[in-house]
There are 2 protein chains.
Amino acid sequence: MASIKITPEPTIRRLPKYVHLLTILKHKGVKSVSSTMIAESLELDSTLVRKDIEATGIVGRPKTGFLVDKLIMALREHLNWNNEDDAFLIGAGSLGAAILGYKGFRECGLNIVAAFDNNPAKIGTVIKNVPVLDYTKLEEHCRRMHIHIGIITVPAPVAQQTADALIRGGVRAIWNFSPTQIATPQWVVVEYAQLTMSLAVLKRKLRETELTDNSIQETK
Amino acid sequence: MASIKITPEPTIRRLPKYVHLLTILKHKGVKSVSSTMIAESLELDSTLVRKDIEATGIVGRPKTGFLVDKLIMALREHLNWNNEDDAFLIGAGSLGAAILGYKGFRECGLNIVAAFDNNPAKIGTVIKNVPVLDYTKLEEHCRRMHIHIGIITVPAPVAQQTADALIRGGVRAIWNFSPTQIATPQWVVVEYAQLTMSLAVLKRKLRETELTDNSIQETK
DNA sequence: ATAATATCAGTAAAATTATATCGATAAATA
DNA sequence: TATTTATCGATATAATTTTACTGATATTAT
C-alpha cells in the first residue's frame, strides 16, 4: 500500500520562509538552530515550527536544536527544490516577462526553458534570455521535451484552452496566474498564483483594523 | 463594545474568485445565481460558498439564489474594492515595474501613485506612467500625502529598513514582496506576497502526486 | 389550488490546523 | 559528579475551517 505522508498546505507555505531564514543564518556562520529561535524570528509558535520540521524527517537534539546545513538540505529536498524541473510559460505579456525576468525561481528548482505566444511580432524574439515560440506548436513541444510544468500568464478568456493544450502535451502541473478557474483531470496539479487574492487579504485586514481601532460598530 | 465580524482568511482568499466568476456571468446577462452553481464552477462545496457569501451580509432567496449585481457589489464592498487607496511602491526593479504595469489592481481599489528607488539613474524617470522618486524622501511623502499602503519590492536585506520608513511615514498596511520577515507594530497589517510560497505548493504537490501514482512507499 | 422541487439559512458534526502540556535527554554549570 | 536548563518529541487539547444535515420558503409544474 502506497503511503506518502502528504504535507498540509499551510505547512508547505511556511517552509520557504524557513529556508530563507536558515540561509541567512548559515551565511552568518551559525551551525545549529532551535525551533524556539526560528519561531521568534518568524513570529510563529515553536511547536508549530517543530511540527513543520517533522514533515521533512529531520530530527533535532535537545538543548541544541537542528543543524542548519542539514535542515536547509532537508527542506529543499522536501520541497523538491533540488530537482530542477523544466517549464514552459504561455503568454509573453508584461506579467509573463516579469516572471521570465525573476532569477529566484532557479533557486526553487524551476527552469523556464521557453515562452509561447500567439502574437507574430513576439514569436521568434528572445525575452530575458528565453526564446518566444509559436503558441500553435505548444502541445508538440511539450511532448517532445517532456515538459511537466506549465505557467499560464495569458488573458483570462483563453486560460482554459491554454491549459487544455498543456494537458494534451502531457503537463502534470499548472501554475495559473490568470484569475480564471480552470478545469483539469485530477492527475493534474493546479496552483493559483493570484495577486488579487493577496491584495484582497491586505485590503480587508486593513479595513478590519481601521474599524476595530475606531470602535465603530456594525449592525448585527 | 466594538464588534466587527472578522472574516476568516480562507474566505477572503476565495472572494475575488467569486467576483471574477460573477462578473463573467453578469456580462453574459445572467441575473441571479445559486450557491450550487457557483460551487460547481469553482469546484467548491456549496455550503462553503453560502457561508462565504454570508460574510458579505447578502441574503438569497430559496429556489432563485442571489442577484448577481447585488452580490458583486456586496463582495466588492466587503473587500473594500470600492474605496480606492493610494499606495507607494518601493523598489523600482523588474518586479516593481511588473506590478506598476499591471492594470488589474485599479479594479481592486489600489492606485499606485508613486514609486521610490535609491538608484539616481531611476529617480526622476517615469515607469508605466508612475513617477520614480527619491527613496530618502519616502517618509516625508508618505506623511504629506497620507499614504496608508506601502508595497515593498526591494531586495531582502533592505526590506526591514524600508518598512521602518513607511511606518514612520504613517503607513498602516504593507504588501511585502520580499522573501524576508519584517517586524512591525501590531497596528500595521503585513501581507506576504511571495511567489516562492505558491511555487513551493505547486512543486511539492506535483511530487506527491508523482509518488502516490507510482505507489512508491516511504519509510515510516 | 396543490404538489413537487431547488435552494436558502441555521445548526450539528467532522476534519483540519494550531497551541499547550509533559516527560526525556543532551549540554552547561556548580 | 550532581544539578540545572533548554530543547526535543509525543500526546492532548483547543481553535478554526469545512462538510453534512434539516426545516422553511419561493418558484415551477400539474
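Below, read A as the first sequence line, B as the second, and so on, with proteins coming before strands; counting in each chain starts at 1. The figures that follow rest on heavy atoms only: side chains count, while hydrogens, waters and symmetry mates do not.
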Between [N] ([atom2]) and [X] ([atom1]): distance, integer Å:
X	N	atom1	atom2	value
A:I58	D:dC8	CD1	P	13 Å
B:I53	C:dA9	CD1	P	9 Å
A:L15	C:dT17	CG	P	13 Å
A:I38	D:dA6	CD1	P	18 Å
A:D52	C:dT16	CG	P	17 Å
A:F66	D:dG9	CZ	C1'	9 Å
A:L67	D:dT7	CG	P	15 Å
B:E9	D:dA15	CD	C1'	15 Å

If you check every side-chain atom of [X], which of [options] has the closest atom?
X	options	value
B:P10	D:dA26, D:dT17, D:dT5	D:dT17
B:L48	C:dA18, C:dA9, D:dT18	D:dT18
A:V59	C:dT25, D:dT18, D:dG9	D:dG9

Fill in: DNA chain C: 5'-proximal contact among B:V33 and A:D45 (nearest heavy atom)
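Nearest nucleotide further toward 5': that of B:V33.
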Worksheet entry | Closest-nucleotide 5' rank along DNA chain C - winner of B:S35 and A:P8 | B:S35
Worksheet entry | Distance-only donor-acceptor test (3.5 Å): side chain A:K63, base D:dT5 | yes
Worksheet item: Has the side chain of B:K51 got a donor or acceptor that lies under 3.5 Å from a partner of the other kind on the base of C:dT11?
Response: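 Donor-acceptor pair under 3.5 Å: yes.
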Worksheet item: Any donor and acceptor pair, going by atom type alone, linking the side chain of B:R143 with main-chain N or O of B:G170 inside 3.5 Å?
Response: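 Not confirmed, B:R143 side chain does not pair with B:G170 backbone.
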Below the 4.0 Å mark, does [N] have OP1 or OP2 next to a side-chain nitrogen or oxygen of [X]?
X	N	result
B:T64	D:dA26	no
A:R61	D:dT7	no
B:R50	D:dA20	no
A:T47	C:dA20	no

Item to complete: Count the heavy atoms of every other residue, nucleotide or ligand shown that sit under 6.0 Å from CD of B:E107, and state whether that count exceeds 12.
Response: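 12 or below, so no.
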Lys/Arg-Asp/Glu bridge criterion (N-O < 4.0 Å) met for [X], [Y]:
X	Y	result
A:E9	B:K205	yes
B:E77	A:R207	yes
A:E208	A:R204	yes

Worksheet item: Touch check for A:S46, heavy atoms < 4.0 angstrom, all strands: base, sugar-phosphate only, or nothing?
Response: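 The answer is nothing, as A:S46 stays clear of every strand by at least 4.0 Å.
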